[in-house]
Amino acid sequence: MTGKSKVVELEQVVIRFAGDSGDGMQLTGSLFSDSTAFAGNDFATFPDYPAEIRPPQGTVAGVSGFQVHFGHKPVHSTGDLCDVLVAMNPASIKANMRWLKPGTIIIFDSDSLSDKALEKAGYTSDPTTDGSLNEYKLISAPISALTEEALKDFGMDKKSMLKSKNMFALGIVMYLFNRSLDSVYKYFETKFKGKPQVIEANRTVLDAGFHYADTWELFANTYEVHAAELEKGKYRNITGNTAMAWGLMAAAERSGRQLFLGSYPITPATDILVELTKYKNLNVKAYQAEDEIAGIMSSIGASYAGCLAVTTTSGPGLSLKSEAMGLAVMTELPLVIIDVQRGGPSTGLPTKTEQSDLLQALYGRNGDCPLVVIAAKSSAGCFYAAFEAARLALEHMTPVILLSDGALGNGSEVFKIPTMADMPTIVPPIAKANDLEYAPYRRNPETLVRQWAVPGTEGLRHRVGGLEKENVKGNLSTDPTNHQIMTELREGKIERVANDIPEQEIYGDKNADLLVVSWGGTYGVVRTAVEKLMAEGKSVAHAHFSYIMPLPKNTADVLAGHKKVVVCEMNRGQFAKYLRMNYPEYKYEQFNKVQGLPFTIAELDEKFNDLLK
């Protein structure tokens, strides 16, 4: 560095990288996130994919975004309005105007300003010269041309050279925030191992962007965000889907069960399947089935055989799995069903996030068919949610639906890697060989949990299946009285899971004027909004639910004592409906969003202040 720019210290920053689907913005954002992790900041990310598979190039519909919120203090949300926008074409500016605030730095590729590009983006004039961007700090740089100049001696064609222009933009941003380039160099060396020219080309363009920002003095200031005060330990940047996979592997180790995943690829859950295929060396079996039904049926078979069995999907796939889930409930076998929710109904918005599968998870099966439902609350927290779902499934001999969503699954956070010694032991109720008292549906009198007789265990021949069975003995039964007994026992078993989960916590005053209720992936942004109001002296509290079926035993006490209760969720009010069914004595306000985007702190702040008036 030349030392010409003044370094300004900031508490937190929101950066959004945006460009065409082929401009590599997801990779650029991920690499900057990695550098953020190495810098010791706390952070959260939000990849924002186009809703169409192949939208027209250069259009607003085709803009792909990646947002990074990082800070010196704990970061709970992916941030609201941008401090910096990196825009690779005119459409990227237009698509992201709503995320800008006065003074936002816009780093823009001036080479993309052709008449055709402006027309495709819906502009009638050049926004960089017509005054429409005057309230922002526009840094216009010929990124494409400078990328070509940097690679002129590499013998590459123009199309291949321009594939690296995202690295030029990344170099500019790395300079702006005084970041070391070492983590990006390491990525090149790992990703393109055995391809020295590709490694050198990417390094050259990255360095060119960094030095261009320095020598041309693009910025009056550069910025620095000091490391967060994190607990001592080993950390990494992790997505929610990867954390899910790791949590399942940890549960398999702590339970002594082999992990089996039977799944069919579906956005945005596929990466869990992809991640688990990497760990054959840990005796993980990941099976890509021909469809959703085959995926869950293979997992039920693996569970019958004694495995920690898992299937992963999103909303449409959960619908297809419903009859098989009933089989798992009837046979009372442990099974983890992970639903990474997306916009619906039907095919809906495959790349967008939502929380609209809750009622399907609770009731979307024929007959009285109860099972456990829990929800992950953060990308890093997906590790612990997956571990807990496996624990409840194995120890209570039941299917468990674990709800995540697209924002959690694709987003990433700082994750402190635990040691296995820190994780609790999982103890499935495995039946012992030659137990003369064994019967398929003999139950623990306290938990109503039946024993798990793994086929091949000496002296424990038994039969389970989808037809109703006789209580205790397991013989086929069509007796009406027996059916009622078995139905009530299955329901009672799930109700007693409430004895094995923590009580619901309240953040803030237990008698606040306003209690904000949330569940699942809304945790971070809601908590941030509540903290802001509490700092302003407002009487507000927060109850975030991770356990949904059954609800914690003290739920009624949590809801009592507040003048108003507002339920915030990314659907049309499904958790609010569920609370009204179980606790009708309370009145519930609702704040619902179904735009395929997470809540923003600003809109929550406005709603909560309105309710407090």
inquiry  = Whether the side chain of Gln504 engages the backbone of His544 through a donor-acceptor N/O pair (distance < 3.5 Å, no angle test) should be reported.
reply    = yes

inquiry  = Under 4.0 Å between a side-chain nitrogen and a carboxylate oxygen: does that hold for Glu332 and Lys493?
reply    = yes

ask   = Are a donor atom and an acceptor atom from the side chains of Glu569 and Ser518 found within less than 3.5 Å of each other?
value = no

ask   = Is Lys564 salt-bridged to Glu589, going by a charged N under 4.0 Å from an acidic O?
value = no

task = Would you please indicate if the ring centroids of Phe66 and Phe46 are separated by under 6.0 Å?
result = no

message = With a 6.0 Å cut-off on the ring centroids, do Phe70 and Phe32 count as close?
response = yes

query = Does Thr267 use its side chain to pair, donor to acceptor, with the backbone of Pro350 at less than 3.5 Å?
reply = no

request  = Could you tell me whether Asp48 and Arg16 have a side-chain N and a carboxylate O separated by less than 4.0 Å?
outcome  = yes

message = Tell me whether the count of non-hydrogen atoms from other residues, nucleotides or ligands lying under 6.0 Å of CG in Asn366 goes above 12.
response = no

key: Asp368 (side chain) donor-acceptor with Thr487 (main chain) under 3.5 angstrom   = no

ask   = Is it true that a side-chain atom of Ser77 and a backbone atom of Gly79 form a donor plus acceptor pair closer than 3.5 Å?
value = yes

Glu229, CD atom: more than 12 neighbouring heavy atoms under 6.0 Å = no

task = Compute the ring centroids of Tyr235 and Phe415, then answer whether they are less than 6.0 Å apart.
result = no

inquiry  = Just checking Arg236: does its CZ atom have more than 12 heavy atoms from other residues, nucleotides or ligands closer to it than 6.0 angstrom?
reply    = yes

key: Donor-acceptor pair, side chain of His69 and main chain of Ile15, under 3.5 angstrom   = no

query = Between Thr45 and Ser412, does any side-chain donor sit less than 3.5 Å from a side-chain acceptor?
reply = yes

inquiry  = Between Glu231 and Lys416 (salt bridge meaning N to carboxylate O under 4.0 Å), is one present in this structure?
reply    = yes

inquiry  = Side chains of Thr447 and Arg496 only: does a donor on one sit below 3.5 Å from an acceptor on the other?
reply    = no

request  = Quick one: sort the Phe575 and Trp519 rings into parallel, tilted or perpendicular, breaks at 30° and 60°.
outcome  = tilted

request  = Flag the pair Asp500 and Arg391 as a salt bridge only when some basic side-chain nitrogen lies within less than 4.0 angstrom of an acidic carboxylate oxygen.
outcome  = yes

request  = Anything under 30° is parallel, anything over 60° is perpendicular, the rest tilted; go ahead and classify Tyr588 against Tyr586.
outcome  = perpendicular

Polar side-chain atom of Ser263 near backbone of Thr312 as donor-acceptor pair, under 3.5 Å = yes

query = Are more than 12 heavy atoms from other residues, nucleotides or ligands located less than 6.0 Å from atom CD of Glu446?
reply = no

